[in-house]
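Structure first, then comments.
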Amino acid sequence: MEENLVIVESPAKAKTIQKFLGDGFVVTSCFGHIRDLSKKNNGIDIAKNYEPIYEVPSEKKKLVSELKKLAKQANMVWLASDEDREGEAIAWHLYEALGLKENNTKRIVFHEITKDAILNSIKTPRSIDQNLVNAQQARRILDRLVGFELSPLLWKKIKPSLSAGRVQSVAVRLIVEREREIFDFKSTSSYRIIASFINPDDSKEFKAELSKRFKTKKEALEFLGTCKNANFKISDISTVPSKRTPAAPFTTSTLQQEASRKLGFSVARTMSVAQKLYESGKITYMRTDSLNLSSLAIGAAANEIKSEFGDEYVKTRTFKSKIKGAQEAHEAIRPTYMNSRTISGPAAEQSLYELIWKRTIASQMSDAQIEKTTATILMSNSDEKFLATGEVIKFDGFLRVYIESTDDDKEENQSDFLPKLSKGKNLTVDSIIADERFTNNPPRYTEASLVKKLEELGIGRPSTYAPTISTIQNRGYVVKENRDGYERSATIITLKNDKISEKIKTEKYGYEKGKMFPSDIGMIVNDFLVEYFKDILDYNFTAKVEKEFDEIADGNVEWKKMIDSFYKPFHLKIADTEANSERGRAERMLGLDPKSGKNVYAKYGKFGPVIQIGEKEDEQKPQFASITKGMHIEQITLEDALKLFALPRNLGQYEDLDVIISVGRFGPYVRHGSSFYSLKLKGDELLNIQLNEAIEIIIEGKEKEKKKIIKTFNQDDAPQILNGRFGAYISYKKKNYKIPKKQTPEDLTFEECMKIIESSKK
DNA sequence: CAGTGAGCGAGCTTCCGCTTGACTT
């Protein structure tokens with residue numbers, strides 16, 4: 001008979017804690033929630049005052065019965081789930097589902113997995129906090145009601161299988177609204193003036209920027225004319241010390257952002273690599289919103305910094321979360337052992353680990369001391385002034401280890417090196433350049449910057465950021481895409497050797513990599529929801545209900561009352577919208593078809609976005625053409641729409657077969673004889689593709705096909721061994737079969753293949 | 001699966017937040 005059973009949420013945690021507690025304790029894990037609302041009747045008996053109907057999901061049944069058995073054998077059960085709303089609910093569900101009794105159950109909590117913290121928690125047990133559990137039940141039920149009443153409404157009003165929810169719908173809204181901002185954005189340009197001066201003391205060149213910009217070329221030209229006859233003089237030099245402080249250690253959200261910026265990881269990739277590091281004991285838990293480090297960890301970091309960089313680089317700090325609704329049940333994400341600067345293992349794990357190590361260590365290092373110098377340069381014949389700025393790092397501090405990146409690709413600033421300047425000196429001009437600078441549209445979200453925004457709004461939790469990003473892409477509301485840039489021409493005017501010259505340069509802009517674009521269906525669903533459910537789509541909806549959940553947790557509000565006051569008006573609105581709203585759709589009249597004189601529409605058809613020429617009622621049926629990827633109902637022009645009817649288009653011949661471009665169910669493709677190759681082209685790229693480009697794709701496609709085949713057999717109807725997305729597999733009569741791990745695909749015989757096929761049919 | 005757009009209807013879809021494997025073509 002074991003004396004003590006401790007249940008935590010994660011198996012990796014259980015392993016560590018087992019070591020701390022030793023004999024007399026069995027530490028096991030429940031793998032998160034063990035019960036959830038039933039799917040039947042939304043899992044809530046509304047007539048019985050919102051009584052939740054909980055059940056153990058089938059995949060958790062075995063686990064729960066094992067836990068039951070263990071609990072029976074123990075004298076005391078210690079419920080050690082996380083100390084936050086969800087953790088408290090997990091403890092309560094365990095209590096209920098395992099049939100535990102008050103006299104042999106204790107609830108314990110700790111914020112860090114250290115021996116002291118665990119032993120201390122065992123000394124100070126408490127009972128389950130029912131108010132906190134109720135706050136979780138309110139959260140769960142509100143989400144279920146919102147999700148399971150809004151989604152079916154979308155199935156009726158827009159199309160089946162769509163979804164809506166408190167978190168995902170707001171995420172989509174952010175992306176849709178940003179896209180419209182960008183569509184409406186009008187770039188303006190102005191002229192920036194940069195002078196290169198020669199310092200008389202040492203003949204060194206340095207740059208200074210005029211403190212204002214000119215709106216027009218005419219003004220810029222006039223100013224350069226003035227400069228021709230001007231004398232320039234340093235009127236003032238000021239030097240101010242400043243400092244930079246390190247960023248706080250990683251939370252889930254900031255780890256996702258930095259891994260995206262520095263390593264190019266998607267948020268899902270970051271989480272799965274971090275999971276591996278966690279499971280192998282190299283980092284602490286990776287789903288956290290806490291900035292705290294255990295005192296043990298801070299001490300270890302200080303030691304590491306001392307030995308690596310010296311005493312003057314140590315400055316330990318504690319950080320306080322500014323995020324609304326942060327629950328801080330864990331530590332920040334940090335290396336388990338501060339003195340392991342690198343680890344062995346796959347490259348992705350190594351680089352993510354190193355990022356975590358640097359960030360954690362830097363957070364306990366000294367500020368960087370910087371000296372900023374600004375020189376003001378006046379003109380003899382104008383009131384305008386130039387400013388030259390320079391920065392010198394006096395002490396590098398944490399910069400030695402880690403610099404946080406930012407999302408916005410800011411203009412390269414001019415503040416770098418300045419020679420030793422003296423006040424009152426006259427300067428010689430080498431050249432003065434006026435270059436036309438354009439304002440840029442607001443940036444589209446990346447996966448990681450969307451997570452950042454959601455976190456700022458208090459929407460979603462560390463465990464759901466990555467799944468939410470996946471959901472909105474899986475539903476087709478949003479696509480992650482790259483876009484080639486566009487070209488524009490900018491004017492550059494140069495004054496050199498008393499001569500003013502002008503040239504035009506073309507520059508690229510608007511290049512996008514891995515950005516979130518809304519789809520037409522994303523826009524339609526969003527517009528429908530915003531029109532009829534403004535309060536739920538409001539960016540502050542979550543913050544508002546979180547306040548109410550806090551009231552429940554504090555015991556000031558009864559949870560069923562809170563749910564009732566939300567649900568009554570919400571459900572009325574659902575019923576009213578179902579009865580009285582128009583179908584959600586997007587339809588635009590683009591103009592007239594010059595050939596037939598009929599109306600041209602862009603709309604969302606049964607199979608996706610289409611262009612329609614003519615009316616449904618016409619004697620001659622309307623013509624349809626699918627809108628290609630990268631074009632929107634909202635934005636497509638009449639000209640581009642009409643081009644779509646040029647498909648399928650025969651580009652010519654290659655190896656005596658026609659090369660035909662068209663768009664099918666799976667997007668644009670090029671057909672060569674009876675072979676199809678999909679094209680990754682968007683919008684007008686597809687409409688303007690040339691024969692030679694298409695041939696390249698055909699050749700590439702044929703190469704890939706060749707590589708795909710690992711082995712074939714010389715018989716009719718024989719299975720083939722092919723290379724697929726997940727490795728080798730057997731293809732036989734249009735069905736696929738998995739090859740057991742112990743067998744080498746290249747060596748399989750015909751008989752062995754048939755055996756695998758037979759055995760998998762059972 | 002690559003030329004789909006008649007209309008009907010059965011049965012299905014869906015949320016957020018905790019956790020890991022099992023599994024995919």
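Order of the sequence lines fixes the chain letters, A, B, ..., with proteins taken first and strands second; residue numbering starts at 1 for each chain.
Residue-level contact check: A:Q275 touches the backbone only, with heavy atoms under 4.0 Å from sugar-phosphate atoms and none from bases. The residue A:Q168 sits close only to the backbone: its heavy atoms come under 4.0 Å of sugar-phosphate atoms, none of a base. Within 4.0 Å (heavy atoms only), A:G460 reaches sugar-phosphate atoms of the nucleic acid but no base atom. Residue contacts for A:G165: at a heavy-atom cut-off of 4.0 Å it reaches the sugar-phosphate backbone alone, with no base atom in range. Among the protein residues, A:R166 comes within range of the sugar-phosphate backbone only, with heavy atoms under 4.0 Å from sugar or phosphate atoms but none that close to a base. Across all strands shown, A:R35 has no heavy atoms under 4.0 Å from either base or sugar-phosphate atoms. At a threshold of 4.0 angstrom between heavy atoms, the contacts of A:T471 are confined to the sugar-phosphate backbone, with no base atom among them. No contact: A:A89 has no heavy atom under 4.0 Å from any strand. No engagement by A:Y465 is indicated, since no non-hydrogen atom pair under 4.0 Å with the nucleic acid exists. If you check every strand for non-hydrogen atoms under 4.0 Å, A:V167 touches sugar and phosphate atoms only. In this structure, A:D82 reaches the sugar-phosphate backbone alone: every heavy-atom distance under 4.0 Å involves primed, P, OP1 or OP2 atoms, never a base. Residue A:Y278 is classed as a sugar-phosphate contact, given heavy-atom separations below 4.0 Å to backbone atoms only. A:P11 comes within 4.0 angstrom of the backbone, heavy atoms only, and of no base.
No donor-acceptor pair closer than 3.5 Å links the side chain of A:S581 to the backbone N or O of A:E578. Remark: side-chain polar atoms of A:D129 are paired, donor with acceptor, to backbone N or O of A:N131 under 3.5 angstrom. Remark: side-chain polar atoms of A:E51 are not paired, donor with acceptor, to backbone N or O of A:I44 under 3.5 angstrom. In terms of modelled atom types and a separation under 3.5 Å, the side chain of A:D538 and the main chain of A:N540 share a donor-acceptor contact.
The interatomic distance linking A:K62 (NZ) with B:dA22 (C1') rounds to 12 Å, in whole Å. Taking atom CG on A:L537 and atom P on B:dC15, their separation rounds to 15 Å, with Å as the unit. If you measure from atom CD of A:Q137 to atom C1' of B:dC15, you get 17 Å, rounded to the nearest angstrom. When the C1' atom of B:dG17 is taken as reference, atom CG of A:D289 falls 13 Å away, rounded to whole Å. Straight-line distance from the CG atom of A:L162 to the P atom of B:dC15: 10 Å, rounded to whole Å. Between A:I44 atom CD1 and B:dC16 atom P the separation is 14 Å, expressed in whole Å. Look at CG on A:D36: it is 15 Å from P on B:dT19, rounded to the nearest Å. To the nearest angstrom, P of B:dT19 lies 16 Å from CD of A:E59.
Each of A:K39 and A:E86 was matched to the nucleotide of DNA chain B holding its nearest heavy atom; the match closer to the 5' end belongs to A:K39. When each of A:M286 and A:E149 is assigned the nucleotide of DNA chain B with its nearest heavy atom, A:E149 is the one assigned upstream, toward the 5' end.
OP1 or OP2 of B:dT19 has at least one side-chain nitrogen or oxygen of A:Y285 nearer than 4.0 Å. Note on A:T464: every side-chain N or O is 4.0 Å or more away from OP1 and OP2 of B:dC16. OP1 and OP2 of B:dG5 both lie 4.0 Å or more from every side-chain N or O belonging to A:Q612. Distances shown here put every side-chain N or O of A:S151 at or beyond 4.0 Å from the OP1 or OP2 atom of B:dC15. Close to B:dT14, at under 4.0 Å from its OP1 or OP2, lies a side-chain N or O of A:R475. Taking 4.0 angstrom as the limit, A:S10 places a side-chain polar atom (N or O) nearer than this to OP1 or OP2 of B:dT20. Distances shown here put every side-chain N or O of A:R85 at or beyond 4.0 Å from the OP1 or OP2 atom of B:dG17.
Interface remark: the A:R461 side chain does not form any donor-acceptor pair with the B:dC16 base, using a distance-only criterion of under 3.5 Å. Judged by distance alone, with hydrogens and angles left aside, A:R139 brings a side-chain donor or acceptor within reach of the base of B:dC16, the pair sitting under 3.5 Å.
By the 6.0 Å and 45° rule, A:R475 does not stack over the aromatic ring of A:Y477. Note that A:R166 lies outside the cation-pi zone of A:F541, set by a 6.0 Å cut-off to the ring centre and a 45° limit from the axis.
Annotation: side chain of A:E88 is in contact with side chain of A:R107 (closest heavy-atom distance under 4.5 Å).
When the nucleotides B:dC15, B:dG3, B:dT19 are ranked by their closest atom to the side chain of A:R140, B:dC15 comes out on top. For A:Y669, the listed nucleotide lying nearest its side chain is B:dG3; candidates were B:dT13, B:dG3, B:dT19.
Between A:D82 and A:R287 there is no salt bridge, since no side-chain nitrogen of the basic residue lies less than 4.0 Å from a carboxylate oxygen of the acidic one.
Stacking here means ring centres nearer than 5.5 Å and ring planes tilted less than 30 degrees, and by that measure A:F148 stacks onto B:dT14. Stacking here means ring centres nearer than 5.5 Å and ring planes tilted less than 30 degrees, and by that measure A:W155 does not stack onto B:dT14.
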